[in-house]
Amino acid sequence: MNNAAVDCDVVVIGAGPSGSVVATMLRNKGYSVHIVERQHFPRFSIGESLLPQCMAFLEEAGMVEELHEKAAELGFQYKNGAAFVRGEETSDFDFRTKFGEGPATTYQVQRGYFDELLARHAEKKGATIAWGHAITSADMSGEFPVLGAVDEAGDAYQLRAKFVLDASGFGRILPRLLELDRPSNFPSRTSLFAHLHDNIADEDQFDRNKIRITVHPEHVDVWLWLIPFGKGRCSAGVVAPSGFFEGYPEDKQERLMQILREDPSLRRLLRNAEIAMPPREIAGYASNVSTLWGKGFALLGNAGEFLDPVFSSGVTIAMKSASLAAAVLDRQFRGEAVDWEADFAAPLRQGVDCFRVFVEAWYDGSFQDVIFAQKQSPEVRAMICAILAGYAWDTSNPFVKDSKRHLKTLVELCRSA
Ligand code: FAD
């Protein structure tokens, strides 16, 4: 390749988790990496409950020690599981009892600080970051991809790289510019959320080491999250079909607090809560693409497919895509023949498709009946626990290898017990 013709080996669009992790992995292998990030960090982002599977990717990138070191200072909350609530029923999954290998604990993080930590790590490893610059155009027709960018003063310039990784999240830059966007099969849902000073005193009723997911008392397809952070703060939100919010107060804060208080246990827990951030709303976030790669580019994380927030799988999928892309690109740069479909897209989709089966079954209520089943073999529960911990690529787990069939049988068993 003619190195004089390019500014760097790889341009990464966006410094979210997929962008910073892939940049660090590629720097570890000696490639020159330039990240273009539209915003300045720390900035707010949603996606605050991590899964233990993430830690394996952060370990692979050499980023996990710094995360552990800074966790307390940055208010990251140790997380060892998920607690589900449906009316009077409760069901706790402790990731330390999961099936299979791999880290069993992780953190719940304010993404502003988490993303900044990862991005600064990538910088320390030698990636350059153009903060406040945005990618605006992409030409993939020549020998090398050519990207158009604008700096903070609004001045346009061009970037040439051997390869472009789009990690622009909901920005979905290459899908939009290259017309790869496709509608998701999931119905349009809306999420309303905020941060609270929770002032929760009943620690015996509330395990801060777990995300708490509550099924709405009247609607099986509406759920509420409570994600504790350190320093008495938590994230609280509701996810519902977009029409659900009609009839609730216009004011978003009143609306959110009213919906949270419709569940008796949340009403009790949050009785002294104070709002710590104006509520935000995101609608219609599920997305898909016609392809995850093409000549000179690949799509990472949310720039590819995004399913649904219910099992907190977004950051894990983003980091898995980073890990797969870094490995394929390394082989490609070393002159090996690579097949992006077989080596990147197919293995990524395998895990995404596993999550999809469980997400669909959550919303039709059948997986909820598994979660709240009274009698369950500890072995099967450990396998389900592994999926909730993010291990959707571990095909030694039957619920990963043949998700649909095994889940269907399990639902029937749980419902007939
Ligand atoms: P992002 O984190 O979105 O980062 C993309 C970056 O690209 C941003 O910094 C952006 O500024 C930058 N960018 C965008 N456009 C441009 C441009 N033109 N030029 C340069 N830079 C650009 N996931 C979890 O793991 N756990 C959760 O608990 C969870 N909860 C969620 C709740 C809701 C309501 C939703 C909608 C999602 C949730 N997710 C969760 C998913 C999670 O938010 C995403 O999957 C995750 O942030 C994707 O990471 P990413 O690296 O792909 O993109």
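Note that ligands are numbered from 1 as they come in the structure, with each ligand's atoms numbered from 1 the same way.
Both cation-pi conditions hold for R381 and F93: the charged atom is under 6.0 angstrom from the six-membered ring centre and inside a 45 degree cone around its axis.
Remark: R176 engages no residue in a salt bridge (charged side-chain N to carboxylate O under 4.0 Å, His left out) (not counting sequence neighbours).
Comment: E305 engages R356 in a salt bridge, judged by a side-chain N to carboxylate O separation of less than 4.0 angstrom.
Defined by atom type and a distance below 3.5 Å, a donor-acceptor pair is present between the side-chain atoms of E152 and H40.
Within 4.0 Å of ligand 1, protein heavy atoms come from I13, G14, G16, P17, S18, V36, E37, R38, Q39, F41, R43, I46, G47, E48, S49, R111, H133, A134, I135, A167, S168, G169, F170, I173, S191, W225, Y285, G301, N302, F306, P309, S312, G314, V315, A318.
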Run the side-chain donor-acceptor check on residues 53-64: report pairs under 3.5 Å with partners two or more places apart or on a different chain.
{"unit_1": "E60", "atom_1": "OE1", "unit_2": "S323", "atom_2": "OG", "d": "3.1"}
{"unit_1": "E60", "atom_1": "OE2", "unit_2": "S323", "atom_2": "OG", "d": "3.0"}

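Within the structure, the ring pair (Phe, Tyr, Trp, His ring centres under 6.0 Å) test picks out the following pairs touching residues 95-125 (sequence neighbours left out): H68-Y107.
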